[in-house]
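Nothing fancy with the numbering, it's 1 onward along the sequence.
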Amino acid sequence: MTFTSQLIVERSAKGSRASVKEQEYLCHVYVRNDSLAGVVIADSEYPSRVAFTLLEKVLDEFSKQVDRIEWPVGSPATIHYTALDGHLSRYQNPREADPMSKVQAELDETKIILHNTMESLLERGEKLDDLVSKSEVLGTQSKAFYKTARKQNSCCAVM
């Protein structure tokens, strides 16, 4: 992973963002104009927009905490940047870390609920149509019954 990350960073232009497929993973690289670079390696299901948001936040914070002189010669043993673990744990679930992903998930859930509601309304409409046709048949039958009963009772007179 280290070799692949270094190779991708070396081949990327300053101020660029890119996603490179390596086996079953995607390597998201962001090289800033000041030559500070970061790479996120994630599976293909992880949203690239969220990965680049993570990279931007980490690189901005890193550039504020670590002197620029230490960037080219530093290593994990010599540079102490403790905020990385917090960012990585927060970005494990992209829906919670990224507001846009959260909104998109809520929209998807709302769309499913609306779809189910529309289906039930259509079914209810079909049932109402059945009830209307049955009531029309009952109305016709009751008129026929009334006419038949009237004819049968017309011979008798009540005193």
Side-chain angles (χ1 to χ4, degrees), residues 1-5 7-9 11-33 36-65 81-159:
M1 288 191 302
T2 303
F3 173 76
T4 302
S5 298
L7 188 65
I8 293 170
V9 168
R11 293 183 180 184
S12 298
K14 288 182 181 179
S16 67
R17 298 171 190 229
S19 295
V20 178
K21 185 164 177 57
E22 177 63 30
Q23 296 175 6
E24 70 268 10
Y25 298 106
L26 276 177
C27 302
H28 305 283
V29 62
Y30 173 41
V31 181
R32 294 184 355 165
N33 288 327
L36 185 61
V39 178
V40 170
I41 300 173
D43 60 7
S44 59
E45 293 178 11
Y46 197 85
S48 59
R49 188 175 46 74
V50 178
F52 288 120
T53 302
L54 168 63
L55 280 171
E56 191 171 336
K57 284 184 179 182
V58 168
L59 292 178
D60 285 344
E61 197 171 294
F62 182 86
S63 66
K64 291 175 186 171
Q65 289 183 9
Y81 177 64
T82 56
L84 182 62
D85 292 335
H87 286 297
L88 291 178
S89 64
R90 193 175 73 203
Y91 277 80
Q92 288 296 313
N93 186 352
R95 282 186 176 178
E96 293 177 8
D98 184 46
M100 288 297 286
S101 296
K102 191 173 188 177
V103 168
Q104 183 63 42
E106 289 174 1
L107 283 174
D108 291 342
E109 289 175 14
T110 304
K111 189 167 76 172
I112 290 169
I113 291 169
L114 284 175
H115 182 70
N116 292 340
T117 304
M118 292 300 290
E119 283 182 2
S120 66
L121 282 173
L122 289 173
E123 288 175 8
R124 205 175 300 152
E126 290 173 3
K127 290 178 183 175
L128 285 174
D129 290 342
D130 289 344
L131 285 175
V132 167
S133 63
K134 287 179 183 178
S135 68
E136 287 174 356
V137 169
L138 281 174
T140 306
Q141 288 176 348
S142 67
K143 284 180 185 178
F145 177 76
Y146 174 74
K147 288 179 183 179
T148 306
R150 197 166 164 206
K151 284 180 185 178
Q152 287 180 355
N153 291 335
S154 64
C155 67
C156 306
V158 178
M159 292 202 181

From [X] atom [atom1] to [Y] atom [atom2], the distance as rounded to the nearest 0.5 Å:
X: Leu122; Y: Lys127; atom1: CG; atom2: NZ; answer: 12.0 Å
X: Lys147; Y: Ser142; atom1: NZ; atom2: OG; answer: 10.5 Å
X: Glu22; Y: Phe3; atom1: CD; atom2: CZ; answer: 9.5 Å
X: Glu61; Y: Glu56; atom1: CD; atom2: CD; answer: 12.5 Å
X: Arg90; Y: His87; atom1: CZ; atom2: NE2; answer: 6.0 Å
X: Glu109; Y: Ile112; atom1: CD; atom2: CD1; answer: 7.0 Å

Do any N or O atoms from the side chain of [X] and from the backbone of [Y] form a donor-acceptor pair under 3.5 angstrom?
X: Asp60; Y: Ser63; value: no
X: Ser120; Y: Thr117; value: yes
X: Lys57; Y: Leu59; value: no

Is it the case that over 12 heavy atoms from other parts of the model lie below 6.0 angstrom from the [atom1] atom of [X]?
X: Glu119; atom1: CD; result: yes
X: Lys21; atom1: NZ; result: yes
X: Tyr25; atom1: OH; result: no
X: Arg11; atom1: CZ; result: no

How far apart are the closest heavy atoms of [X] and [Y], and which atoms are they?
X: Ser12; Y: Val29; answer: OG-CG1, 3.7 Å
X: Leu55; Y: Gly38; answer: CD2-C, 3.4 Å
X: Val9; Y: Ala37; answer: CG1-CB, 3.6 Å
X: Val31; Y: Ala13; answer: CB-O, 3.7 Å
X: Ser44; Y: Leu26; answer: CA-CD1, 4.0 Å
X: Leu54; Y: Tyr91; answer: CD1-CD1, 3.7 Å

Compare all side-chain heavy atoms of Leu138 with those of Gln141 and state whether any distance is below 4.5 angstrom.
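They are in contact (side-chain heavy atoms under 4.5 Å apart), so the answer is yes.
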Measure the shortest side-chain to side-chain distance between Thr148 and Phe145 over non-hydrogen atoms and say whether it is less than 4.5 angstrom.
no
